[in-house]
Amino acid sequence: MKILLLGIVDAVVVWAGVGLGTQNAYALLSLLLLGGVGLNIAILSRRAYPLRYLLPSLLVLFGMVVYPILYNVYISFTNLQTGNLLQKSQVIHLLENRYAPAPEETIYAYQAYLSDKDELLLLLTDEQGQHFLSQGKTLEPLRPDDQRLVTQDGTTGLDVPGYHAVTGPALYQLLPRLETLAIPVDNATLRLSGIRQFKTVIKQYSYNPKTDRLVDLQTAISYAPVDGRFTSAAGKTIEPGFQTWVGARNFVRIFSSAAIGKDFLRVFLWTVVWAMLSVFLSFSLGLSFALLLNDRKLHFRLVYRTLLLVPYVMPVFISAFVWRGMFNENFGIFNRILGDLFHVQVPWLTNAMWARASLIMINVWLSFPYMMLISLGALQSIPDQLYEAARVDGAGAWRRFWSVTLPLLMISLAPLLIGSFAFAFNNFTLIYLVTAGRPAVLGAATPAGATDILISWTYRISFQGGSGNNYGLAAAISILIFVMIATISAIGFRMSRHLEEVYG
Amino acid sequence: MKKLLMLVLIIALAAVVGAAQTKLTIFADDTRTPLLRDLGAQFTADTGVEVDVVEYAWNDLRSAYVTSTQAGEGPDIVIGAHDWVGEYVANGLVEPIDLGKKVADFSPAALEAFTVNGALYGLPYASENLALVYDKDLVPTPPRTWDGLLAICRAVADPEKPMYGLAFQNQAGNFYQFFPFLSAAGGYIFGYDDKGALNPCDVGIATDGAIFGATLYQSMLKEDLIPSGVDWDTLNALVEGHNAAMYITGPWLIGAIKSAGVNYGITQIPAIKGPNGAYNVPKVFTGVQGFMVNSFSDNKTIAMDFLMNYVATMDTMVALMNLGDRAPAYLPAVTQAGPDILAFSQQAAFGVPMPSIPAMASIWQEGGNALDLINNGTDPATALKQAQDLILTAVDCK
């Protein structure tokens, strides 16, 4: 059983390895092999017994968490963006296979033959009826009276022992192989240009790996790789560009760009306010419900608790759209009611302050059940004796809450609240689904809307503006956001440790 | 020993599974996937080449294609909109194609839309654009001029009911729908450089004509002739409730209009009288859809064979037309087109292909923000000039 499972895992590793190997992804391949070998040793060797429990989780942790983070850091130091998407080797492959139409185009019909050993033989016939023979490397003219030529039913074919003609479906299987052929003829190259024909074309570029130069074969101009693009001495560039290392340029751009600097403070402040208020309000609401539900005198507690969990179990995708619809200025339910009763129209999502308030309302609705759940759990763990002691000391309900319940709750809940803060800080989904960062702000220097938080602003700068997608810049900004959240969380944890020292 | 043998056998099996046959892979959207699967089955029967059609939602096709092709796992053929081609070409992901003699069968405007730097990158099958769709019960004769449209709007509009004169998707950021207002009196997206290519440094969304059109739009908004904040869901609700007399929309809304039982007609968007007194029909964006070939495909010849002999045929093109209710790009199929398609085509005479160059991303972003500001009452000149400045900065022209 164990061996069967290991066999399946090994098979997957080999399959994935072959895939990675053919794509030249050697870094991932070596990791995969290392992991695979390690796994085999851990399971087959008796001495490595404890490892067999640790290793799989470590591997998954590495693959799902550490590797993406490292990759993100790597991307932030590259120029990966629209126009510089491919690897250099891919671009060289593309350019070396780029052909221009020949000035005097010649079209050859062909018939393909294969030997039993899969050797290729082509009979090519140009428009004048002149026959040629090729094995894929050169073109060899045939005299009309060549012995190997056989004419049958008006069509001429080849009769070479050991070779058979390829037609029908077998020809289609052969086409990818024929497509790779580039047969030199005079000043041109012969390439497959249709199911049944070859055509003369002119090869445009040739790459010299020794000098790292791309040469235009027609003009003899040499192009050097500069900044992810093959560039001539005169500054002419060839599309497409490729990924390349650009050092700290993306970071420099963030800090030196006047436009980004101008909007940063506004977006950052709103992000902090948004995260703080979301956590504070939803925790207050959740805790209030938890206290109510914790009262044993309350009837139908299970029913209430189930109902209160509904916002939490609804997918954000659905509730965000429902809320957006309800907040619609002309047709939303809120403005219908307000309009009918008081003849007022609240610009829920179109006025900056209202849009922010609406978002916080929605987020409180979405997250208070979670706060309620964790508070309920933590409330159970507070021993009744403490309350009794407080009561004996003459503390009222209010005092008992502030002096006993809340401090003891905070010990266990503070780390969770910090987690919620970090989550709200980066809650791209909700912002994007409800307002997409809008309404727009007059006088903004970048596409920073009134409700954009740092992460949605990053998205708009990197993917929705400029000239397409800029992954390098996005990666750099996300690293900075990570640093911010890490700092805020570290401070939070330090403070919560004080709580523990005081009350724990 | 037995265990080891078993291990070796399983590994060997995995290696064998890795070997592959020639196969044509196509990325297509959900609407066109069934048709392509049928064509693929026919192609397989004729040539023995297996055809694998991978289904995506239309909105996911673009990123799925870019990501998979970059990783060397892209399809041989992909369906897409012409305005994605600019990005594909900049990234080197699509191959120029040669339609040979069949080129004469295609609408020149559709071919033009798929042309980047003089090379054709797609075999077009359909084009779509906005037009005026009106409720015949409320608007017996469609207006020819914008003044006529305003008169009808004022006659029918009643925000309490609610009933609006004209509705379209003007929710935050929908610049596509806003463009007709800007273009009527002379706004444009990009100018051309001396070689005839689009010049991202010449942006015309804040010209006097554009500001004139935007001001006209804002005044209709203030008069409650147009509802604001209409997104796709709201638009459908308006159609369902017969809450508007006229819509500026595309073929994608016709299904909803039919099922709501609206007695509809389709016509040109009425001409707007510009500041110089001349009447101009608002220009709309045309979007063309087509098939493209992956530049990294090992089966380009087979892919082209499939496209030329199985897709670029009367039967397939008519089927594609009926699937999407879009105007065909294949001219012989126009004879089979229904009245709705022909009506939308009238407006297409006043269409400009959506620019496909990557700088268009900035137009969508900042143009959309400008519409947002105008909706919220900002002076159109201020909003559009800010957008123009920000676009020029974002595409490094300033």
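Lettering follows sequence order; numbering is per chain, from 1.
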**Report entry** Portion of A/E239 that has a non-hydrogen atom of chain B nearer than 4.5 angstrom
**Finding:** side chain
Query raised in the report: A/T82 versus B/N91: any side-chain heavy-atom pair under 4.5 Å?
Result: yes
**Report entry** Side-chain donor/acceptor of B/N299 to backbone N/O of A/P176, under 3.5 Å
**Finding:** no
Query raised in the report: Heavy-atom distance under 4.5 Å to chain B: side chain of A/L94, backbone, both or neither?
Result: side chain
Query raised in the report: Is atom CZ of A/R253 surrounded by more than 12 heavy atoms (other residues, nucleotides or ligands) closer than 6.0 Å?
Result: no
**Report entry** Residue B/D46 excluded, over 12 heavy atoms near CG under 6.0 Å
**Finding:** yes
Requested in this report: Decide if atom CD of A/E179 counts as having more than 12 heavy atoms of other residues, nucleotides or ligands within a radius under 6.0 Å.
Outcome: yes
Report task. Would you mind checking which part of B/T44 comes under 4.5 Å of any heavy atom in chain A, side chain (CB onward), backbone (N, CA, C, O), both or neither? Result -> neither
Query raised in the report: CD1/B/I302 to CG/A/L171 distance, rounded to the nearest 0.5 angstrom?
Result: 8.5 Å
Report task. Decide yes or no for B/F296 and A/Q90: does some side-chain heavy atom of the first lie under 4.5 Å from some side-chain heavy atom of the second? Result -> yes
Query - Part of A/V91 within contact of chain B (heavy atom distance under 4.5 Å) - result: neither
Report summary line: Here the gap from A/L442 atom CG to B/L373 atom CG, rounded to the nearest 0.5 Å, amounts to 5.5 Å
Query - B/T378 portion near chain A, given a 4.5 angstrom heavy-atom threshold - result: side chain
Requested in this report: Decide whether B/N375 and A/R438 meet the rule of one side-chain donor and one side-chain acceptor closer than 3.5 Å.
Outcome: no
Query raised in the report: Quick one: does A/E329's side chain have a donor or acceptor within less than 3.5 Å of a partner on B/G229's backbone?
Result: no
**Report entry** Heavy atoms of other groups near B/K385 NZ, more than 12 under 6.0 Å
**Finding:** no
Report task. Select one option (side chain, backbone, both, neither) describing which atoms of A/T446 are under 4.5 Å from chain B's heavy atoms. Result -> backbone
Query raised in the report: If you take all heavy atoms of A/P240 and B/A90, which pair is closest and at what distance?
Result: CB-O, 3.3 Å
Report summary line: Here the gap from A/R98 atom CZ to B/E95 atom CD, rounded to the nearest 0.5 Å, amounts to 8.5 Å
Query - Engaged part of B/N243 at the chain A interface, taking heavy atoms whose separation is under 4.5 Å - result: neither
Query - Interchain contact, B/T69 with chain A, by part (heavy-atom threshold 4.5 Å) - result: backbone
Query - Part of B/D231 within contact of chain A (heavy atom distance under 4.5 Å) - result: side chain
Query raised in the report: Relative to chain A, which segment of B/Q70 carries a heavy atom at a distance below 4.5 Å: side chain, backbone, both, or neither?
Result: both
**Report entry** Part of A/L175 lying under 4.5 Å from any heavy atom of chain B
**Finding:** side chain
Report task. Using non-hydrogen atoms and a 4.5 Å limit, figure out which bit of B/Y88 sits close to chain A: side chain, backbone, both or neither. Result -> neither
Query raised in the report: For atom CD1 of A/I333, is the number of surrounding heavy atoms from other residues, nucleotides or ligands below 6.0 Å larger than 12?
Result: no
Query raised in the report: If you measure from CD1 on A/I195 to CE on B/M304, what distance do you get to the nearest 0.5 Å?
Result: 10.5 Å
Query - Residue A/D340 versus chain B: region with a heavy atom under 4.5 Å - result: neither
Query raised in the report: Does any heavy atom of chain A fall under 4.5 Å from the side chain of B/L371, the backbone, both, or neither of them?
Result: neither
Query - Top of B/V230, B/D233, B/T234, B/V49 for chain A proximity - count of heavy-atom pairs under 4.5 angstrom - result: B/T234
Query - Heavy-atom pair of closest approach, residues B/A361 and A/G468 - result: CB-N, 3.8 Å
Query raised in the report: Rounded to the nearest 0.5 Å, how far apart are CD of A/Q173 and NZ of B/K23?
Result: 12.0 Å
Query raised in the report: Out of curiosity, A/Y172 OH to B/T301 OG1, how far, rounded to the nearest 0.5 Å?
Result: 10.0 Å
Report task. Under 4.5 Å heavy-atom distance to chain B, tell me which part of A/Q87 shows up: side chain, backbone, both or neither. Result -> neither
Report summary line: Turns out that what part of A/Q243 lies under 4.5 Å from chain B's heavy atoms comes down to side chain
Query raised in the report: With a 4.5 angstrom heavy-atom cut-off, which part of A/R177 approaches chain B: side chain, backbone, both or neither?
Result: neither
Query raised in the report: Are the side chain of B/N369 and the backbone of A/A440 linked by a donor-acceptor contact shorter than 3.5 Å?
Result: no
Query raised in the report: For atom CH2 of A/W354, is the number of surrounding heavy atoms from other residues, nucleotides or ligands below 6.0 Å larger than 12?
Result: no
Query raised in the report: Do any N or O atoms from the side chain of B/Q365 and from the backbone of A/P447 form a donor-acceptor pair under 3.5 angstrom?
Result: no
Query raised in the report: Do B/V66 and A/L85 have side chains that get closer than 4.5 Å, going by heavy atoms?
Result: yes
Query - Segment of B/L93 engaging chain A (4.5 angstrom heavy-atom cut-off) - result: side chain
